[in-house]
2 protein chains.
Amino acid sequence: MAKQAISTPVIRRLPRYYRFLGDLEREHVERISSRELAQRMGFSASQIRQDFNCFGGFGQQGYGYHVKELREMIGKILGVQEHTGVILIGAGNLGKAIAAHVDFEKRGCKLIGIFDNNPLIQGTSTANLPIMPMESLQTFCELHCPQVAVLCIPKDAAQQLADQLIALGINGFWNFSHFDLRINNPDVIVENVHLGDSLMTLAYCMHRNEVETL
Amino acid sequence: MAKQAISTPVIRRLPRYYRFLGDLEREHVERISSRELAQRMGFSASQIRQDFNCFGGFGQQGYGYHVKELREMIGKILGVQEHTGVILIGAGNLGKAIAAHVDFEKRGCKLIGIFDNNPLIQGTSTANLPIMPMESLQTFCELHCPQVAVLCIPKDAAQQLADQLIALGINGFWNFSHFDLRINNPDVIVENVHLGDSLMTLAYCMHRNEVETL
DNA sequence: TAGATTGTTAATCGATTAACAATC
DNA sequence: TAGATTGTTAATCGATTAACAATC
């Protein structure tokens with residue numbers, strides 16, 4: 001369908017389209033023009049049409065886009081109907097919150113295992129899953145073949161653990177450790193999330209006027 | 001110091017520079033060239049020199065950059081020495097994790113109040129702060145004048161609460177609700193964080209090959 | 001049919017990369 | 001001084017915006 005590789009900016013906008021189209025569907029809007037959607041999302045109409053046309057024509061001249069149909073198409077592109085196996089490593093504050101708060105299933109993923117090396121919390125449950133000891137990791141992976149690992153572990157443990165997980169068949173990382181994972185293997189996908197960086201960007205913008213008149 | 005407004009891509013790279021320079025400092029590296037830093041960070045040397053020169057010359061020809069000095073300069077630009085007052089609204093899983101996990105003080109911020117409308121958790125503590133009822137919000141803001149609000153609340157509550165907070169003097173939002181805050185007022189800074197979008201991007205990349213050969 | 005709105009090409013804008021003179 | 005590496009200008013690349021013919 002797609003003629004050439006989709007650029008990163010386009011990919012990063014897809015989930016946002018998906019979300020907004022979901023809102024529209026909930027509001028029982030049947031059709032929408034690129035102009036209206038643009039206004040709602042703060043994009044330009046041109047950009048929206050360009051983006052959608054990366055994947056083929058979803059619209060109809062003179063009419064616009066059919067909301068439900070378009071949302072389904074984008075959902076399919078994003079793979080929301082998949083069931084990619086996900087494990088989470090590190091059930092501290094953040095790990096537990098992500099396990100409980102993120103709706104993996106709506107995003108084509110399924111959280112199937114949680115691991116932590118702290119014996120005090122092993123055996124307790126989060127998000128209806130028992131927290132398992134790290135020693136069980138290998139057996140678990142061999143049995144259930146998860147593809148994605150969520151890393152909620154300290155900075156220093158990240159690189160080594162990532163290598164270990166790749167050996168166990170993991171080829172996607174959602175990395176919340178304060179460490180920029182970089183994997184040579186092009187088949188391994190890494191999504192680094194740096195909450196601290198996000199806060200610093202906000203903090204910079206808050207006092208930017210002072211900075212720029214130094 | 002800066003001649004013109006700094007572009008967003010540059011700003012978003014600053015926290016990353018700051019982090020990597022911190023690592024170098026910990027490794028007792030005194031000087032580094034743009035070429036070496038580039039290699040380490042996965043940037044180009046050109047880009048690094050361009051970025052730093054947005055703020056004036058931090059380096060020395062023939063020598064490179066002094067790590068400690070450079071890090072301090074970037075820290076100053078990012079405002080890590082500030083004490084911007086921050087409140088957090090919504091002490092569910094995610095709210096508590098952010099309160100406990102994010103080191104606000106290292107980023108020029110100070111978490112000074114946590115609020116939730118659930119009476120069952122009011123009075124309990126997270127990150128050494130008591131969880132206060134929403135009714136106390138106004139008085140608290142009048143007394144302590146926080147500038148930033150972290151929103152860890154459901155989608156539907158976000159817009160209304162944001163408006164209320166702006167009226168109480170808040171002019172920065174770190175928004176984790178599944179709602180794209182858009183504020184007309186240019187003096188109000190919004191940093192939307194969409195964990196779900198991040199996961200979907202990862203999920204897309206995991207099965208992209210299938211998509212592109214549809 | 002006429003009006004509206006897409007799909008798509010061309011023009012613009014901005015960010016990244018390359019190149020090199022300045023200089024430590 | 002000679003070598004190294006910056007600061008900065010020019011060239012390239014890619015993404016966004018504008019324009020308009022195609023068409024529902």
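Note on naming: letters A, B, ... go to the chains in the order of the sequence lines (proteins, then strands), and numbering restarts at 1 for each one.
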Rounded to whole Å, how long is the line connecting atom CD1 of B:Ile32 with atom C1' of D:dA4? 15 Å

B:Ile48 has an atom CD1; how far is it from atom P of D:dG7, in whole Å? 12 Å

Shortest non-hydrogen contact between A:Ile87 and A:Cys141, atoms and distance: CD1-SG, 4.3 Å

Give me the one residue out of B:Arg16, B:Arg12, B:Arg19 that meets salt bridge (charged side-chain N to carboxylate O under 4.0 Å, His left out) with A:Asp197. B:Arg19

Contact pattern, 5' to 3', of nucleotides 17-24 of chain D - B, S or - by protein heavy atom under 4.0 Å: BBBB-BBB

Please determine whether a side-chain nitrogen of the Lys or Arg among A:Lys155 and B:Asp23 lies less than 4.0 Å from a carboxylate oxygen of the Asp or Glu. yes

Just checking A:Asn185: does its CG atom have more than 12 heavy atoms from other residues, nucleotides or ligands closer to it than 6.0 angstrom? yes

Rounded to the nearest angstrom, tell me the gap between atom CZ in B:Phe58 and atom P in D:dG7. 9 Å

What is the distance, to the nearest angstrom, from the CG atom on B:Leu70 to the P atom on D:dT5? 16 Å

B:Glu69 CD to B:Leu21 CG distance, which is reported to the nearest 0.5 Å: 11.5 Å

What residues from residues 9-16 of chain B pass a heavy-atom cutoff of under 4.0 Å to DNA chain C? B:Pro9, B:Arg13

Between A:Lys68 and A:Glu30, is there a salt bridge with N-O shorter than 4.0 Å? no

Please indicate whether A:Lys110 has more than 12 foreign heavy atoms, meaning atoms of other residues, nucleotides or ligands, lying under 6.0 Å from its NZ. no

If only side-chain N and O atoms count, and only distance matters, is there a donor-acceptor pair under 3.5 Å linking A:Asn175 with A:Asn192? yes

Pairing donors with acceptors under 3.5 angstrom, does anything connect the side chains of A:Gln138 and A:Glu142? yes

For A:Tyr65, which contact category applies under a 4.0 Å heavy-atom criterion: base, sugar-phosphate, or nothing? sugar-phosphate

Atom CE of B:Met73 and atom P of D:dG7: how far apart are they, to the nearest Å? 12 Å

Given that B:Arg31 and A:Thr8 both sit by DNA chain D, which one's nearest nucleotide is further toward the 5' end? B:Arg31

Any chance the rings of A:Tyr204 and B:Tyr18 have centres within less than 6.0 Å? no

Could you tell me how far apart B:Phe52 (CZ) and C:dA15 (C1') are, to the nearest whole angstrom? 17 Å

Is the distance from OP1 or OP2 of C:dA4 to the nearest side-chain N or O of A:Arg35 less than 4.0 Å? no

Please find the pair of heavy atoms, one from A:His207 and one from B:Lys76, that lie closest to each other, and give the distance. CE1-O, 3.9 Å

Between B:Ser34 and D:dT5, is there a contact of a side-chain N or O with OP1 or OP2 at under 4.0 Å? no

Roughly, in whole Å, what's the span from NE2 in A:His66 to P in C:dT6? 15 Å

Is DNA chain D part of any stem, that is, at least 3 consecutive Watson-Crick or G-U pairs with both distances under 3.5 Å, and where? C:3-24 with D:3-24

